[in-house]
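In what follows, a structure is listed as structure tokens, so that the remarks can point back to it.
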Amino acid sequence: MLKTIEWAKGGVRVLDQTQLPFKVSYVTCKDYKQTAEAIRKMKIRGAPAIGVAAAFGMAQAASKSKAGKYEQLSKEVDKAAALLRSTRPTAVNLAWGLQRMRRALESYRDRRIPKLKELMVEEALRIQKEDIQVNESIGSLGAELLRDGDRVLTHCNTGALATAGHGTALGVVKSAVKSGKKLKVWVDETRPYLQGARLTTVELKEARIPHTLITDSTAAALMARREVDVVVVGADRITALGDVANKIGTYGLAVLAFEHRIPFYVAAPVSTIDLQLEKGEDIPIEERPADEVLNIQGRPIAPKGTKALHWAFDVTPHRFISAIVTELGVVRAPYREGLRDLAEKRSNSFL
Ligand code: MRU
């Protein structure tokens with residue numbers, strides 16, 4: 001399988017996902033500014049993957065610094081963190097990756113500078129490695145919720161390409177198939193970036209899982225015809241109440257699933273839980289350039305001068321969610337206590 005991101009000799013090597021599926025090309029980000037740009041331009045995307053990319057950016061800032069003293073190095077790393085944080089505001093995994101790197105830096109403050117730089121790179125690589133393990137756990141817990149023969153609908157891309165490996169919602173599908181369940185997947189194309197059409201299909205093809213691509217607006221009709229048994233999606237941020245920000249269109253799917261009494265599951269690592277925010281309305285929603293809606297693969301699809309609104313994410317209120325699957329357990333309503341326990345468990349495991 002294609003590797004999303006790697007720490008390489010000349011810099012951070014990123015698979016350019018804007019070119020898929022037609023071209024497999026890699027870009028090497030030589031410093032943290034280029035890594036930030038790769039995130040902003042969505043060469044690398046998906047909440048957990050950009051968390052890893054941000055951590056790599058911090059490691060680059062530290063290892064490229066010419067500072068002779070901790071205080072100076074720390075200042076430079078903070079400057080890098082501010083730029084990396086500004087790239088994509090909704091996915092909290094990005095801020096989580098930055099915070100973890102910042103804490104690591106503090107804990108190494110008494111080390112000699114060359115050693116400290118090495119330790120920062122090691123921490124970033126640890127974050128990447130852990131993400132794969134986390135996703136495999138999400139996969140096996142989530143797989144139990146799917147039944148043999150299920151027709152699963154998914155949105156956006158939540159697979160290996162959106163993470164360090166395996167994936168979250170798509171990881172659940174992969175794990176269920178690996179455990180012997182026969183599934184069919186409805187893949188939402190996911191306008192306007194087409195992560196479903198361009199990326200999820202590639203992963204499902206590679207995993208030999210039967211799938212059919214649909215336009216986003218087909219989901220309602222499919223549900224009405226009883227052709228969908230379960231919906232599984234990822235998340236970019238989960239609030240204390242259990243409200244979930246995810247790719248634009250997710251909210252509509254959740255309301256539809258509720259109306260048709262179809263289970264609606266969210267699969268995400270505990271690092272996606274943001275207990276600082278109470279409810280969905282508090283989540284910052286990224287607005288991307290209108291051009292991305294007005295053009296498909298560089299070709300205009302509307303008259304010159306047409307306005308377009310491009311929110312990259314929407315918020316699904318917790319009442320539409322049947323369960324949230326994390327690496328440390330499956331939480332059902334009422335979410336507040338369960339999510340708090342999981343976040344606590346996770347932070348204890350890093351003490
Ligand atoms: O804009 P993207 O492609 O970064 O959006 C990705 C999603 O919305 C995913 O569902 C989410 O990040 C979870 S990925 C495991």
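Both counts, for ligands and for their atoms, begin at 1 and track the order of listing. Computed from heavy atoms alone, side chains included, the values below leave out hydrogens, waters and symmetry copies.
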Residue and atom name of the nearest protein heavy atom (relative to atom 9 (C) of ligand 1), distance in Å to one decimal: Asn246 OD1, 3.4 Å
What I want to check is whether the side chains of Gln17 and Arg45 have a donor and an acceptor closer together than 3.5 Å. yes
Consider every N or O of Ala47 and every N or O of ligand 1, then say whether any pair is closer than 3.5 Å. yes
Please could you name the atoms of ligand 1 that Lys247 approaches to less than 4.0 Å, counting only its heavy atoms? 1 (O), 2 (P), 5 (O), 8 (O)
For Leu73 versus Ala62, what's the shortest heavy-atom pair and its separation? CD1-O, 3.6 Å
Look at Lys279 together with Asp282 and state whether they make a salt bridge at an N to O cut-off of under 4.0 Å. yes
Salt-bridge contact Glu130-Arg346 (side-chain N to carboxylate O under 4.0 Å): yes
Hey, looking at atom 4 (O) of ligand 1, which of Arg237, Arg88, Met42, Gln17 has the closest heavy atom? Arg88
Asn157 versus ligand 1: do any nitrogen or oxygen atoms come within less than 3.5 Å of each other? no
Any atoms of ligand 1 less than 4.0 Å from a non-hydrogen atom of Gln195? List them with their elements. 1 (O), 2 (P), 3 (O)
Option nearest atom 13 (C) of ligand 1 (shortest heavy-atom distance, choices Ala235, Gly46, Ala91, Gly159): Ala235
Ligand 1 and Thr158, any nitrogen or oxygen pair closer than 3.5 angstrom? no
Is it possible for you to say whether Val266 and Leu342 belong to one hydrophobic cluster, with membership spreading through side-chain heavy-atom contacts below 4.5 Å? yes
To the nearest 0.1 Å, how far is atom 15 (C) of ligand 1 from its closest protein heavy atom, and which atom is that? Thr168 OG1, 3.0 Å
Ligand 1 contact by Phe313, heavy-atom criterion under 4.0 angstrom: yes
Below 30° counts as parallel, above 60° as perpendicular, anything between as tilted: where do the rings of Trp7 and Phe56 land? perpendicular
Shortest protein contact, atom 7 (C) of ligand 1 (heavy atom only): Asp236 OD1, 3.4 Å
Interfacing atoms of ligand 1 (cut-off 4.0 Å, heavy-atom, Ala162): 14 (S), 15 (C)
Do NZ/NE/NH1/NH2 and the carboxylate oxygens of Arg109 and Glu71 come within less than 4.0 Å? yes
Answer yes if Ile238 and Leu253 sit in the same cluster of Ile, Leu, Val, Met, Phe, Trp and Tyr residues linked by side chain heavy atoms under 4.5 Å apart, and no otherwise. yes
Does even one non-hydrogen atom of Cys156 get within less than 4.0 Å of ligand 1? yes
Taking distance alone, with no angle check, do His155 and ligand 1 share an N/O pair under 3.5 Å? no
Kindly indicate, with the supporting measurements, whether the criterion side-chain hydrogen bond (donor to acceptor under 3.5 Å, both in side chains) is fulfilled by Arg198 and Asn157. CA-CA 9 Å; Arg198 298 189 301 103; Asn157 171 264; over 6 Å; no
